[in-house]
Amino acid sequence: MSPRHPASPVLTVLASAAVAALAMLSAPLAHAGELRPAQSSDDLPNPHRGFLLWGTTVGADGGLPDNHYGASMYQIYVPWREIETADQQFDWAGFEQRHLAPILAENPKATFVLRPVADYPDGVSNNISFYFNKTEGQLERDYPKFLELSPVNVVGHDYTSCGGDGPGRAPEYNTPQMREQLRQFVTAFGQRYDGDPRITAIHVGLLGFWGEWHTSGCEAWEPDATTRQIVRDAYAAAFVQTPVHTRYARASDLGGTTFGISEDFFPSFTAMCSAYSPKMPRCDDTGWWNLEWGFRNEVPAARDNWKSNPIGGESPYADQKKTWTSRTANIVKMLKDYHFTWLGPAGQHETAGYASQMRTIKRALGYEFTVRQVNWPDSMRAGASIPLKLSVENTGSAPLYHLYQTELHWVDAGGTTRAKAAFDYPLNTLLPGAAPSLLDRTATVPATLAPGSYSLRLAIADTAAGRPGIAAQNSGRDTSGRLPLGTVTVTAAR
């Protein structure tokens with residue numbers, strides 16, 4: 001399986017440079033066609049960026065949530081109880097049939113952020129327990145029953161309210177037996193989903209309320225630093241292709257990893273309170289729960305983690321959601337400063353009627369590729385290499401965290417694509433704010449392409465077949481999101 005998550009940018013750049021050098025030695029650089037397309041301002045439904053929707057309980061709810069602004073990502077809470085039906089017995093197929101299949105049936109381009117949970121307060125009222133085996137009872141228990149039995153013997157604590165959240169049943173996380181079960185689950189989780197092209201990101205989850213690594217209001221049951229480190233390291237080992245993010249910028253949660261962050265109290269716990277006047281509602285910058293505080297005081301090196309893994313967040317309270325539309329300029333600045341890739345599932349995008357503000361916010365999320373220049377020969381031979389020049393700028397807020405490839409498509413007069421050829425271009429190394437470079441590339445015209453005249457088009461395609469591609473933020477795209485370059489003549493292969 002091809003890696004979904006990019007290799008080291010340095011290695012990628014070196015490899016790209018080597019390919020370019022070979023191209024310059026083996027092919028003449030006489031280019032007849034040149035395009036410098038204008039940048040567009042339209043709202044593009046590109047994958048793995050933008051707004052995130054609630055997808056956990058689609059089956060129980062009877063359909064997808066309202067999608068007012070063209071979202072294609074869905075967050076799925078993964079109840080541990082539903083997956084591991086007995087020790088080391090995992091019902092992945094059943095989980096996907098119940099949770100992923102209904103969404104993909106209605107939105108085939110959907111991708112997912114998966115978050116395992118062992119304790120979701122008030123899960124029954126939120127339909128988290130909808131697919132549980134009801135004969136086991138204890139529907140507020142979101143972790144497997146076998147954990148409370150011999151030889152694991154995890155102790156569970158029923159609660160009515162912890163800081164106002166509940167009811168639920170919290171396991172004791174800090175025993176050797178429980179730590180080993182957590183590690184084993186993460187290993188199996190990675191074996192199933194690392195490299196899966198349907199997955200936008202994995203949220204480490206699993207510990208504490210909602211998988212957020214805290215039990216606020218009932219602190220005696222919190223996972224301690226040792227447990228957090230064990231789970232953190234298990235994720236780092238299990239997921240080497242698919243992006244991973246965690247809840248807090250805290251030393252025990254991140255260590256030396258490059259995990260991204262899920263700021264689930266946006267914008268209140270994102271920046272320092274003094275950064276905006278008036279300060280953001282519910283703002284608190286006095287501890288590790290605040291993203292900027294964590295970067296300054298716990299994990300300074302993690303400030304650059306956005307270059308490797310995504311930053312996301314959501315706004316659960318009405319006053320937080322309101323800032324999206326009443327203080328849009330402040331929100332956009334914050335998103336760009338911290339390099340957010342998505343917002344949701346809770347947020348103002350759940351409500352219709354804010355098209356202009358949502359469009360502005362959506363364009364501030366994630367990558368955005370603007371083609372600045374393309375050069376190509378207007379005549380070519382089937383089976384032969386051709387020289388190209390290409391300049392692409394990331395005009396977004398974050399990198400592309402998944403592997404996509406640049407392609408040339410040869411389209412006949414009837415609009416049918418007759419051939420495709422991928423060529424090397426370092427999309428994953430394009431960081432926002434970096435000046436674009438015009439790079440020499442080479443592509444090979446497919447030997448099976450019949451002689452004739454074709455429209456040559458530039459595409460950005462997923463390396464996994466059948467998945468949606470990326471449309472460039474340029475005017476003149478075709479209905480498939482490709483950029484028409486010009487008419488070329490192809491002669492027969494020798």
Side-chain angles (χ1 to χ4, degrees), residues 4 6 35-53 67-74 107-111 197-198 200 310 335 340-343 349 355 358-374 376 388 390-411 415-417 419-432 436 439 441 443 454-486:
R4 304 295 307 157
L35 180 67
R36 299 189 183 196
Q39 185 178 26
S40 66
S41 60
D42 49 340
D43 178 18
L44 298 178
N46 282 329
H48 304 300
R49 57 165 296 276
F51 294 132
L52 183 66
L53 298 177
N67 188 353
H68 303 295
Y69 307 106
S72 62
M73 297 182 294
Y74 294 82
N107 186 350
K109 295 182 178 181
T111 62
R198 301 169 299 176
T200 288
L335 296 174
F340 274 60
T341 288
W342 68 75
L343 284 176
H349 66 303
M358 292 303 111
R359 181 173 176 171
T360 299
I361 290 172
K362 190 176 178 183
R363 279 202 66 188
L365 293 165
Y367 66 87
E368 179 184 274
F369 292 142
T370 301
V371 176
R372 295 304 188 187
Q373 182 176 332
V374 193
W376 66 95
L388 305 167
L390 178 60
S391 173
V392 180
E393 181 180 359
N394 186 345
T395 49
S397 299
L400 171 66
Y401 299 105
H402 298 74
L403 284 185
Y404 282 69
Q405 61 193 17
T406 45
E407 295 180 349
L408 291 179
H409 292 185
W410 286 262
V411 180
T416 300
T417 301
K420 300 179 181 180
F423 64 95
D424 179 65
Y425 194 86
L427 293 169
N428 296 110
T429 68
L430 300 180
L431 298 181
L439 302 181
R441 306 284 92 178
Y454 297 93
S455 170
L456 187 66
R457 306 189 185 187
L458 177 68
I460 302 176
D462 195 326
T463 55
R467 300 301 303 169
I470 294 171
Q473 194 73 51
N474 291 99
S475 302
R477 299 182 313 271
D478 67 13
T479 56
S480 298
R482 301 173 297 187
L483 195 61
L485 303 181

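We count residues from 1, following the sequence as given.
- By the 4.5 Å heavy-atom criterion applied to side chains, Y367 and P399 are not counted as neighbours.
- When atom types are taken as modelled, the side chain of R441 and the backbone of D424 share a donor-acceptor pair closer than 3.5 angstrom.
- Scored by the side chain to side chain contact (heavy atoms under 4.5 Å, CB included) test, S40 finds D42, Q473, S475, R477 as partners (sequence neighbours excluded).
- Electrostatic pairing of R457 and D478 counts as a salt bridge here, judged by a charged N lying under 4.0 Å from a carboxylate O.
- Partners of R372 according to the side chain to side chain donor-acceptor pair (under 3.5 Å) rule, which considers only residues two or more places apart in sequence or in another chain, are E393.
- For the atom pair L408 CG and L456 CG, the distance stands at 5.0 Å (nearest 0.5 Å).
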Applying salt bridge (charged side-chain N to carboxylate O under 4.0 Å, His left out), run through R363 and D43 and close with a yes or a no.
-> CA-CA 7 Å; R363 279 202 66 188; D43 178 18; over 6 Å; no
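- No donor-acceptor distance shorter than 3.5 angstrom exists from the side chain of Y401 to the backbone of N428, with no hydrogens or angles considered.
- P37 is linked by a side chain to side chain contact (heavy atoms under 4.5 Å, CB included) to L35, V371, N474, L483, counting only residues two or more places apart in sequence or in another chain.
- Not counting sequence neighbours, the partners of F51 by the ring pair (Phe, Tyr, Trp, His ring centres under 6.0 Å) test are H349.
- One distance of note links CZ of F369 with CD1 of I460; it measures 6.0 Å at 0.5 Å rounding.
- Atom CZ of F340 sits about 12.0 Å away from atom CD1 of I361, to the nearest 0.5 Å.
- I470 places a side-chain heavy atom less than 4.5 Å from the side chain of L400.
- Take A110 and apply the side chain to side chain contact (heavy atoms under 4.5 Å, CB included) test, not counting sequence neighbours, and it matches Y74, I103, L104, N107, F112.
- In this structure, R359 has no salt bridge (Lys or Arg N to Asp or Glu O under 4.0 Å) partners at least two apart in sequence or on a different chain.
- Considering CG of N394 and CG of L431, their distance stands at 7.5 Å, rounded to 0.5 Å.
- Using cut-offs of 30° and 60° on the angle between ring planes, the pair H48 and H402 is parallel.
- In this view, T370 and Q39, T395 satisfy the side chain to side chain donor-acceptor pair (under 3.5 Å) rule, not counting sequence neighbours.
- Separating the CG atom in L335 from the CG atom in L365 is a distance of 5.0 Å, to the nearest 0.5 Å.
- Scanning all heavy atoms of the two residues, the minimum distance from A398 to P432 falls at N-CG, 3.7 Å.
- Under the 4.5 Å side-chain criterion, counting only non-hydrogen atoms from C-beta, V411 is not in contact with Y454.
- The two residues P468 and P47 come nearest to each other via the heavy atoms O-CG, 4.0 Å.
- Distance check, rounded to the nearest 0.5 Å: CG of N46 to CD of E368 gives 9.0 Å.
- The side chain to side chain contact (heavy atoms under 4.5 Å, CB included) check on T479 picks up nothing, with sequence neighbours excluded.
- Listed by chain and number, the residues in a side chain to side chain donor-acceptor pair (under 3.5 Å) with H409 are E407, R482 (sequence neighbours excluded).
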Between V374 and L388, does a side-chain contact (heavy atoms from CB on, under 4.5 Å) hold up when you go through it step by step?
-> CA-CA 7 Å; V374 193; L388 305 167; 5.8 Å; no
I would like to know whether W342 and M73 meet side-chain contact (heavy atoms from CB on, under 4.5 Å); could you show each step before the answer?
-> CA-CA 9 Å; W342 68 75; M73 297 182 294; 3.5 Å; yes
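- Not counting sequence neighbours, F423 has no partner by the ring pair (Phe, Tyr, Trp, His ring centres under 6.0 Å) test.
- Applying the side chain to side chain donor-acceptor pair (under 3.5 Å) rule to T111 yields the partners T200; only residues at least two apart in sequence or on another chain are considered.
- Looking at K362, its side chain does come within 3.5 Å of a backbone N or O of G70 through a donor-acceptor pair.
- The shortest non-hydrogen separation linking A364 to S397 is O-OG, 2.6 Å.
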